[in-house]
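One structure is given here, and the rest of the page talks about it.
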Amino acid sequence: MEQTLYLVLLLIALCSVSECVQRQYHFINVNKTWTEAQRYCREKYTDLATVDNMNDMNELNKCVTGGGGLYVWIGLQRTSVNKWQWSSGDPALYLNWGSGQPDGKDECAFMRNGQWYDGKCSDSWTFICSSSNNRLVFVNQMKNWRVAQSYCRQNHIDLVSVRNQNENQQIQKFINDSHISNEVWIGLFRDSWQWSDQSNSSFRYWSTGEPNNGGGNENCTAISKNAGGQWIDEPCDRRYPFVCHEDKLILIKENLTWPEALRYCRQNHVDLVSVHSEEMQRRVMNVVKAASTAEVWLGLHNYCIMNMWLWLSGENMFYQNWAPGNGTTPENCSLEKRKGAVQSGGDQRWVSLPETHKLNFICTNDE
């Protein structure tokens, strides 16, 4: 028992949370139109490049350094649907606009007296971030919406989402209790851009003054090397090199027990996925929305002797996303072995289930 405890504690000490990019980018130094590039990427890899955050953007910029041409296609394209969505990527199903709002002129939303208003994203307001354990954090700094979004993602989780009336009331109470008298940014924004792989990533890295839709037909996105890797909108029939991505997370739509899923992933890929950060959870959320079961197996198992949950990768659980009533109380190991799964709908939180349940599962190709 003492030796086992020592080994577990040593494992935890040696492992640290790593923010790894879960897509592999491939620069294709051949000039194609955006549609031709999309077709090529879907045939050879996964799709034209999707970018979730600055970690992704930095990796992508590394792979295009030294390549030919000033512009490089990525997978973002303008659509005919200009919809409101949350910075977290969630659709805006609940809305609480003030009178006469939105007026259709602006693209970002702030809260005033419990109601929402659209404003210019370049305006400066204080803002509210969401943090771990559903905690709200007021940032008393005047920033535009994009800078506020970056601040929240770097220091907490994201700009706050408001998914129902109860959450709206909680945020308004938080504003009142914090004696906040001015308008505050929330995580609601509107645009008509969609990733080629249908990802719900809300990350944008536009160059100053972009997108400007010059000539009325600039509907595709390219990296501009002259702008330090920031983005511009361009006519889709221009011919540029491009970047494909290859996903490292694979949803397997077979219904297997946890041990069977583990065996499958290790035989055909690398392992069952470990979710050690908010960034990885977002990737998992994108993948599991296509699942055919209500829960999807993760590489999370309960170490009964210690009553601890551990990832197969060896990562300790510094980041957690348990559904209420799961993962925090001792498991009865004498009855059944318990493993971790993620809900494929709702808030997509983690749940503890008997390992004999048969579910879809997520493999990773990340070594």
Side-chain angles (χ1 to χ4, degrees), residues 1-18 20 22 132-133 248-278 280-285 287-367:
M1 172 67 181
E2 290 181 359
Q3 185 178 13
T4 302
L5 174 60
Y6 172 78
L7 290 173
V8 170
L9 293 176
L10 178 63
L11 176 67
I12 294 170
L14 291 173
C15 294
S16 62
V17 176
S18 59
C20 57
Q22 287 304 304
S132 56
N133 300 319
K248 295 183 179 180
L249 301 185
I250 304 97
L251 173 68
I252 309 298
K253 290 188 179 181
E254 292 186 38
N255 294 348
L256 300 181
T257 66
W258 193 90
E260 291 170 342
L262 176 62
R263 189 179 310 115
Y264 179 100
C265 288
R266 289 183 170 176
Q267 288 176 350
N268 296 280
H269 300 282
V270 173
D271 214 337
L272 273 170
V273 67
S274 294
V275 186
H276 48 74
S277 66
E278 175 70 18
M280 179 66 82
Q281 174 67 15
R282 287 183 183 172
R283 297 265 165 82
V284 166
M285 290 168 70
V287 171
V288 299
K289 61 187 179 183
S292 60
T293 52
E295 297 89 17
V296 176
W297 286 129
L298 305 172
L300 184 59
H301 62 109
N302 183 254
Y303 188 68
C304 282
I305 296 176
M306 300 287 298
N307 189 39
M308 293 176 63
W309 286 91
L310 295 173
W311 293 110
L312 289 170
S313 65
E315 303 278 359
N316 192 22
M317 294 188 63
F318 295 106
Y319 168 74
Q320 299 190 31
N321 192 43
W322 291 107
N326 289 262
T328 55
T329 56
E331 303 286 357
N332 189 342
C333 298
S334 62
L335 294 178
E336 56 198 359
K337 294 180 179 178
R338 310 287 291 192
K339 299 296 189 283
V342 61
Q343 299 165 333
S344 58
D347 292 340
Q348 296 174 306
R349 295 186 178 273
W350 307 341
V351 292
S352 167
L353 296 173
E355 67 173 18
T356 52
H357 282 206
K358 294 198 170 187
L359 308 175
N360 292 180
F361 51 99
I362 300 173
C363 299
T364 178
N365 282 324
D366 191 26
E367 296 287 352

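This chain uses plain numbering: 1 for the first residue, then up along the sequence.
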Contact between [X] and [Y] at the side-chain level, heavy atoms closer than 4.5 Å - yes or no?
X: E260; Y: F361; answer: no
X: V296; Y: V287; answer: no
X: V275; Y: V342; answer: no
X: R266; Y: D271; answer: yes
X: W258; Y: H357; answer: no

Any residue meeting side-chain hydrogen bond (donor to acceptor under 3.5 Å, both in side chains) with [X], in chain and number order, not counting sequence neighbours:
X: E355; result: K339
X: S344; result: none
X: W350; result: Q281
X: N321; result: R349

By salt bridge (charged side-chain N to carboxylate O under 4.0 Å, His left out), which residues pair with R263, not counting sequence neighbours?
none
Let me confirm one number: the [atom1]-[atom2] distance from [X] to [Y], rounded to the nearest 0.5 Å.
X: W322; Y: L300; atom1: CH2; atom2: CG; answer: 4.5 Å
X: L359; Y: L256; atom1: CG; atom2: CG; answer: 9.0 Å
X: C363; Y: I252; atom1: SG; atom2: CD1; answer: 4.5 Å
X: T364; Y: K248; atom1: OG1; atom2: NZ; answer: 7.5 Å
X: N268; Y: I250; atom1: CG; atom2: CD1; answer: 10.0 Å

Compare every heavy atom of A323 with every heavy atom of V351, then report the nearest pair and how far apart it is.
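Residues V351 and A323, closest heavy atoms: CG1-CB, 4.0 Å.
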Is there any side chain to side chain donor-acceptor pair (under 3.5 Å) pair reaching into residues 287-301, and which pairs are they, with sequence neighbours excluded?
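Side chain to side chain donor-acceptor pair (under 3.5 Å) check on residues 287-301 returns S292-N360.
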Under the criterion side chain to side chain contact (heavy atoms under 4.5 Å, CB included), which of E278, H276, R282 is the partner of M280?
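Among the candidates, only H276 passes.
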